[in-house]
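Keep in mind the model is a prediction, meaning the values are calculated, not measured. Reminder, nothing fancy here: chain letters follow the sequence lines and each chain counts from 1.
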Amino acid sequence: MKEELTKAVAGACKELFDVDVQIELTRPDEQFGDYATNVALQLGKKLGKNPREIGESLAEKLRQQLADSVSQVSVAGPGFLNIKLTDSALAEQGLAASVSRPQIYKDKVVVAEYSDPSAFKVLHAGHLYTSVVGDAIANLIEAAGGTVHRVNFGGDVGLHVGKTMWAIVRELAGEHPEKLGGIPADSRADWMSARYVEGTNAYEDDESNQAAIAHINKRVYQVVADDDHDSPLGQLYWTCRQWSYDYFDAFYARIGSHFEKYYPESITGPVGVKVVREQLAKGVYEESDGAIVFKGEPYGLHTRVFINSQGLPTYEAKDVGLSMMKWEEYHFDRSIIITDNAQAQYMEVVIKSIEQFAPELARGTTHLTHGRVKLAGGMKMSSRKGNIVRAVDVLEAAYAASKKAGFDNQPAALGAVKYAFIRSRLGSDIVYDPEESVSLEGNSGPYIQYAHARARSILAKTSLQGSTLKQGSTLEVGERSLLRKIGEYPEVFEKATTELMPHHICTYLYELAQAFNRFYEKNRVIDDPREAVRLGLVQAYADTLKDGLGLLGIHAPDKM
RNA sequence: GCCCGUGUAGCUCAGUGGAUUAGAGCGUCUGCCUUCGGAGCAGAAAGUCGUAGGUUCGAAUCCUACCACGGGCACCA
């Protein structure tokens, strides 16, 4: 409907004034109409005419052309055009809302990389956030017709592994892989994470430790390069690495995430080194103090090291390797990388360097960044010393709060966390408050889930077969309002997908639930003379809520 | 120091060029009154949209400067 209107308005401008203009249709306050446009204002400037007069001629034209779908076109204020749909057109739009999602990624291949945990380390609240948001974005693109490959990247080699392995060897009093058997399966992740903290502290506290850790770090690279599963260090490394992956898998299963591919740095590193060395010869990268760097200054960026003076790839080269591998494996139309915004300027340098030798790859790459998770009410997150909030701590806090709030329901508690994470616009830090997130009142996940369950229970009550709401129906005021809101869904979906901003879905679902409650307060459904029509409304409403929650990765229960 | 980001009611956030009274939720206060699941509805109080300039017919939204907070700035990830 919006598309047809846009075309009609553009056509009218062409016909009457012989100009091509970009038409933007917005959703004004309901009192003004269903759609509005400011073309007349734009044209007024362009043509040097009075915008109101332009508006009047456009309105007249549209009234003639769109008599079937438009009941009113008026000029308001300085020259806004307000367009009101007929009940019939509105009904058609509303009924199709939950199934007519603009296919703006049709036939497109998209690689979505997010979550990115490091092996040997614990998953913290930030991983949970990025995973939830990344899933929602991937869901949006998929629903818009795209083929999405969800991939994960993580550090299974690098200094943090050196630190951890050093501490593991110290804890086991030598390179004794057989002693790993004494660590209970359910505490492996915590055990390794404790070693990482010890290793990090040792590295910072004493220079002699630094040499030892650098040495073991280099040996780990050798273990990986040789695919050495036999030496004591090799056995320690591969066993612990597998523990990490098992732990990640269990966590992702718990939150409903799934990645089709995992790129470990040990794989992308050598690819990156190869590429960086090739491009070193071509002058993209250059040597500096024994390291290989990319100088970003000509582009307003800064210089970063890609291969260090020991000849080992840094994160930069590993990311270059990752980009090349994704490109070769998927030939994507678009690659989306979602990380914490601390990486924003770092990533700019990496992508700028790639742009020098693979411009089409760089052009198709979007780095999307989000803020950090701050916990309301005292739970603090600080890295380094190990007093971080783990991802599971957040889930447990939500679950505990949900029990306190009176519903003992794990899926609802998970939905509450997801909703709380997604509802704010991506970019700034978010404050997570477990109590608020599970609240049954206000803008929360459980509120929307409840709204859905309530609508389904109404539908379950009727003995009528099907609804008579269809194109051609005439509507009462309250019905019209609700239907208008339902009909906005495809537009909100398109906006969220185009901008890669899933929070628009949250905002909309909440407004939709409010619109329904307003309707429901005043209008009876079951045993009302208009029951047959209103059932169609409730159905469309419930389906839209369900679809929206699905995009957010949140279950829409029929009962709560 | 340079670069990037953020700054909207007591708190948590929408709104990122349009129309009046800048919107929600929580919290505070007042009604409805327990309904087809009230986990609701209606209303009130609460904002110099960080500050000061500028562009525009029109600015929370764009530009400039400044302030505050966060982040980044070579061999960590």
Side-chain angles (χ1 to χ4, degrees), chain A residues 24 26 28-29 31-32 36 38 41 44-45 51 76-80 82 116 118 121 154-155 158-163 200 203 265 288-296 300-316 318-319 339-346 348-349 369 371-372 376 383 405-407 420 423-425 427-433 435-437 439-444 446-447 449-451 453-462 503-504 506-508 510-511 513-514 516-528 531 534 538 559-560:
Chain A
E24 292 254 6
T26 55
D29 272 6
Q31 50 172 316
F32 297 122
N38 63 358
L41 263 51
K45 185 158 203 174
F80 291 99
N82 289 322
D116 297 350
S118 292
K121 288 166 84 167
L159 193 59
H160 75 279
V161 179
K163 289 169 180 171
T200 301
Y203 191 86
E265 289 181 4
S288 176
D289 294 338
I292 298 176
V293 307
F294 177 77
K295 295 216 161 150
L301 307 172
H302 58 272
T303 295
R304 298 201 69 104
V305 172
F306 283 64
I307 298 177
N308 70 21
S309 45
Q310 286 183 59
L312 296 177
T314 60
Y315 192 47
E316 286 80 344
K318 293 166 182 169
D319 241 327
T339 73
D340 185 303
N341 53 26
Q343 311 227 1
Q345 287 173 282
Y346 151 83
E348 265 193 89
V349 177
T369 64
R372 300 197 168 163
S383 50
F407 62 106
R423 64 175 251 223
S424 296
R425 185 180 196 91
S428 309
D429 291 349
I430 61 162
V431 175
Y432 177 70
D433 182 343
E435 309 262 342
E436 190 182 271
S437 80
S439 169
L440 300 156
E441 293 161 15
N443 192 353
S444 75
Y447 173 89
Q449 289 179 310
Y450 176 78
R454 191 184 184 202
R456 292 292 176 204
S457 87
I458 295 166
L459 294 170
K461 269 198 155 61
T462 185
H503 75 284
H504 290 305
C506 292
T507 306
Y508 170 77
Y510 183 62
E511 287 171 1
Q514 278 185 318
F516 179 78
N517 287 332
R518 239 168 263 140
F519 163 79
Y520 196 56
E521 182 78 11
K522 291 191 179 141
N523 300 279
R524 222 188 143 71
V525 176
I526 306 294
D527 296 335
D528 185 273
E531 173 172 353
R534 290 179 179 170
V538 178
K559 283 182 185 164
M560 262 181 96

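Side-chain atoms of A/Ser439 and A/Tyr447 include no donor-acceptor pair closer than 3.5 Å.
When the side-chain contact (heavy atoms from CB on, under 4.5 Å) test is applied to A/Gln343, the partners found at least two apart in sequence or on another chain are A/Tyr315, A/Thr339, A/Tyr346, A/His367. In this structure A/Arg454 satisfies the salt bridge (Lys or Arg N to Asp or Glu O under 4.0 Å) test with no other residue, sequence neighbours excluded. Under the rule for a salt bridge (Lys or Arg N to Asp or Glu O under 4.0 Å), A/Glu531 has no partner lying at least two apart in sequence or in another chain. Residues meeting the side-chain contact (heavy atoms from CB on, under 4.5 Å) test with A/Asp433, sequence neighbours left out: A/Ala376, A/Glu435, A/Glu436.
Going from atom CG of A/Leu41 over to atom P of B/A19 covers 11 Å, rounded to whole Å. Rounded to whole Å, the distance from CZ on A/Phe516 to C1' on B/A39 is 14 Å. Rounded to whole Å, atom P of B/G70 lies 11 Å from atom CZ of A/Arg372. Atom-to-atom, OH of A/Tyr346 to C1' of B/C73 comes out at 15 Å; the value is rounded to the nearest Å. Per the geometry, CD1 belonging to A/Ile307 stands 13 Å off P belonging to B/C76, to the nearest Å. The nearest whole Å value for the distance from the OH atom in A/Tyr447 to the C1' atom in B/C41 is 10 Å. Distance A/Leu312 CG to B/A74 C1': 15 Å, rounded to the nearest Å. The CG-C1' distance, from A/Asn38 to B/G18, rounds to 7 Å in whole Å.
For A/His302, the listed nucleotide lying nearest its side chain is B/G72; candidates were B/A77, B/C75, B/G72. Side-chain proximity of A/Ala76 to the nucleotides B/C13, B/A14, B/A19 is greatest for B/A19. With B/C76, B/A19, B/G15 as the candidates, the nucleotide lying closest to the side chain of A/Phe80 is B/A19.
A/Glu265 comes within 4.0 angstrom of sugar-phosphate atoms only, judged by non-hydrogen atoms across all strands, and of no base. Counting any heavy atom pair closer than 4.0 Å across all strands shown, A/Pro51 reaches no nucleic acid atom. Residue contacts shown for A/Asp116 are absent, as no nucleic acid heavy atom lies under 4.0 Å away. Residue contacts for A/Val431: at a heavy-atom cut-off of 4.0 Å it reaches the sugar-phosphate backbone alone, with no base atom in range. Using a 4.0 Å heavy-atom cutoff across all strands shown, A/Ser424 reaches sugar-phosphate atoms only and no base atom.
For the pair A/Pro28 and A/Ser309, both in contact range of RNA chain B, the more 5′-proximal nearest nucleotide belongs to A/Pro28. If you find the closest nucleotide of RNA chain B to A/His504 and to A/Gly154, the one lying nearer the 5' end belongs to A/His504.
A/Thr314 places a side-chain N or O within 3.5 Å of a backbone atom of A/Phe306 that can act as its donor or acceptor partner. Side-chain N or O atoms of A/Asp340 include one that pairs as donor or acceptor with a backbone N or O of A/Ala342 at under 3.5 Å. With hydrogens and angles disregarded, a donor-acceptor distance shorter than 3.5 Å links the side chain of A/Asn341 to the backbone of A/Gly427. Looking only at distances, no side-chain donor or acceptor of A/Ser118 sits under 3.5 Å from a matching main-chain atom of A/Lys121. Checking side-chain atoms of A/Arg425 against main-chain N and O of A/His503 turns up no donor-acceptor pair under 3.5 Å. No donor-acceptor pair closer than 3.5 Å links the side chain of A/Thr462 to the backbone N or O of A/Ile458.
B/U48 is unpaired under the Watson-Crick or G-U wobble criterion, no partner having all donor-acceptor distances under 3.5 Å. Partner assigned to B/U34 is none, using Watson-Crick or G-U wobble distances below 3.5 angstrom. Base-pair partner of B/A39: not found among the strands shown (Watson-Crick or G-U wobble, both distances under 3.5 Å). In this structure, B/G5 and B/C69 make a Watson-Crick or G-U wobble pair, each of the two defining distances being under 3.5 angstrom. Pair assignment for B/A59 gives none, since no Watson-Crick or G-U wobble pairing has each distance under 3.5 Å. A 3.5 Å limit on both hydrogen-bonding distances identifies no Watson-Crick or G-U partner for B/U20. With both pairing distances under 3.5 Å, B/G27 is matched to nothing as a Watson-Crick or G-U wobble pair.
Between A/Phe516 and A/Phe519, the angle of the ring planes lies from 30° to 60°, which puts this pair in the tilted group.
For the C1' atoms, the distance linking B/G7 with B/A60 amounts to 11 Å, nearest Å. B/A9 and B/C4 have their P atoms separated by 26 Å, given to the nearest Å. Only the P atoms considered, B/C3 is 15 Å distant from B/C63, to the nearest whole Å. Spacing between B/U16 and B/C62 at atom C1', rounded to whole Å, works out to 10 Å. The separation of B/U8 from B/C69, taken at their C1' atoms, amounts to 16 Å, rounded to a whole angstrom. The separation of B/U21 from B/G43, taken at their C1' atoms, amounts to 15 Å, rounded to a whole angstrom. Annotation: B/C26 and B/G18 have their C1' atoms spaced 31 Å apart (nearest Å). Nucleotides B/U56 and B/U61 place their P atoms 16 Å apart, quoted to the nearest Å.
No hydrogens or angles were tested; on distance alone, a donor-acceptor pair under 3.5 Å links the side chain of A/Asn82 to the base of B/A19.
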Exercise for the section: Can you check each nucleotide of nucleotides 24-38 of chain B against protein heavy atoms at under 4.0 Å and return B for base, S for sugar-phosphate only, - for none, in 5' to 3' order? Expected result: SSS---------BBS
Completion exercise
Per-nt protein contacts along nucleotides 2-10 of chain B (heavy atom under 4.0 Å; B base, S backbone sugar-phosphate only, - none) come out as -BS-S----
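Centre separation under 5.5 Å together with a plane angle under 30° holds for the ring of A/Phe32 and the six-membered base ring of B/A19, marking them as stacked.
Among the candidates A/Lys522, A/Gln514, A/Glu521, the single residue satisfying the side-chain contact (heavy atoms from CB on, under 4.5 Å) test with A/Arg518 is A/Gln514.
Contact annotation: A/Arg425 does not reach the phosphate of B/C13 (side-chain N/O to OP1 or OP2, under 4.0 Å).
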